[in-house]
Amino acid sequence: MKVRSIGTLGDYVREQRRNAELSLRQLADLAGVSNPYLSQIERGVRKPSAEVLQQLAKALRVSAEVLYVRAGLLDPTEGDGEQDISVEMAIHADPILSVRQKRVLLDIYSSFRREADEEETSEPERESTTQNRAVRHARQED
């Protein structure tokens, strides 16, 4: 399946707004920005701040990081979240999935990531517990 690329930040915001079946005015109200300002963002006339991007992401129920990457505020090739961002971007860009399907996929993906992080964090604890059991077992044999 080919992932469609949405060129600019404004195109992406417009596409997500339409997918969410929101009017320009509705999204502006949800994000706490003016209608003309949002229109200028969608047309590529204005470059929003990170704070406005975060408000838009919350209103659209998308990852703020995805909007940061689209706006050029975050480099997708840097940092620990590189894979995370690219997966989220691919899900958001898929033209076949509905908004509900995208949200469900992103929720599942996020829960898997949290679970994996928890397992990584608890790995040293497991090793310590295993070592303690081995020491106790060795003492019992003596």
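No experiment lies behind these values; they were computed from the predicted model shown.
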Chemist: Tell me which pairs pass salt bridge (Lys or Arg N to Asp or Glu O under 4.0 Å) where either residue lies in residues 35-50, with sequence neighbours left out.
Modeler: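 Every pair satisfying salt bridge (Lys or Arg N to Asp or Glu O under 4.0 Å) with a residue in residues 35-50: R14-E42, R17-E42.
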Chemist: Group every Ile, Leu, Val, Met, Phe, Trp and Tyr by side-chain heavy-atom contacts under 4.5 Å, then state whether L27 and V45 land in the same group.
Modeler: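 No, because L27 and V45 fall into different hydrophobic clusters, even though each may have its own neighbours under 4.5 Å.
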Chemist: Is there a chain of hydrophobic side chains (I, L, V, M, F, W, Y, each step under 4.5 Å between heavy atoms) that links F112 to V104?
Modeler: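 Yes, F112 and V104 fall within the same hydrophobic cluster.
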Chemist: Which value, rounded to the nearest 0.5 Å, describes the distance between K102 atom NZ and Q16 atom CD?
Modeler: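 Rounded to the nearest 0.5 Å, the NZ-CD separation comes to 5.0 Å.
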Chemist: With hydrophobic residues grouped by side-chain heavy-atom distances under 4.5 Å, do L97 and Y109 end up in a single group?
Modeler: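 Yes; tracing contacts between hydrophobic side chains, which count when under 4.5 Å, links both residues.
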Chemist: Closest approach of L9 and A71, non-hydrogen atoms and distance?
Modeler: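 For L9 versus A71, the nearest heavy atoms are CD2-CB, 3.8 Å.
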Chemist: If you measure from CG on D29 to OG on S23, what distance do you get to the nearest 0.5 Å?
Modeler: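 Separation between the atoms: 7.5 Å.
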Chemist: Looking only at side-chain N and O atoms, does D11 offer a donor or acceptor that is under 3.5 Å from a partner on T8?
Modeler: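 Yes, a side-chain donor-acceptor pair sits under 3.5 Å.
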Chemist: Would you mind writing out the side-chain donor-acceptor pairs for residues 48-56 within the sub-3.5 Å range, not counting sequence neighbours?
Modeler:
from : atom 1 : to  : atom 2 : distance (Å)
S49  : OG     : E51 : N      : 3.4
S49  : OG     : V52 : N      : 3.2
Q55  : NE2    : A31 : O      : 2.4

Chemist: What verdict does the side chain to side chain contact (heavy atoms under 4.5 Å, CB included) test give for S63 and L106, after you've listed the backbone C-alpha separation in whole Å, the side-chain angles of each residue and the deciding distance to 0.1 Å?
Modeler: CA-CA 9 Å; S63 165; L106 289 168; over 6 Å; no
Chemist: Do L38 and V13 come close enough that some side-chain heavy atom pair is under 4.5 Å?
Modeler: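 Contact flag for L38/V13 side chains = yes.
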Chemist: Can you name the closest pair of heavy atoms from L30 and A59 and give their distance?
Modeler: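 Heavy-atom minimum between the residues: CB-CB, 3.7 Å.
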Chemist: Determine the minimum heavy-atom distance between Q101 and I96, stating which atoms define it.
Modeler: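 Result for this residue pair: OE1-O, 4.3 Å.
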Chemist: Supply the atom-to-atom distance Y12 OH to I41 CD1, rounded to the nearest 0.5 angstrom.
Modeler: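 Separation between the atoms: 14.5 Å.
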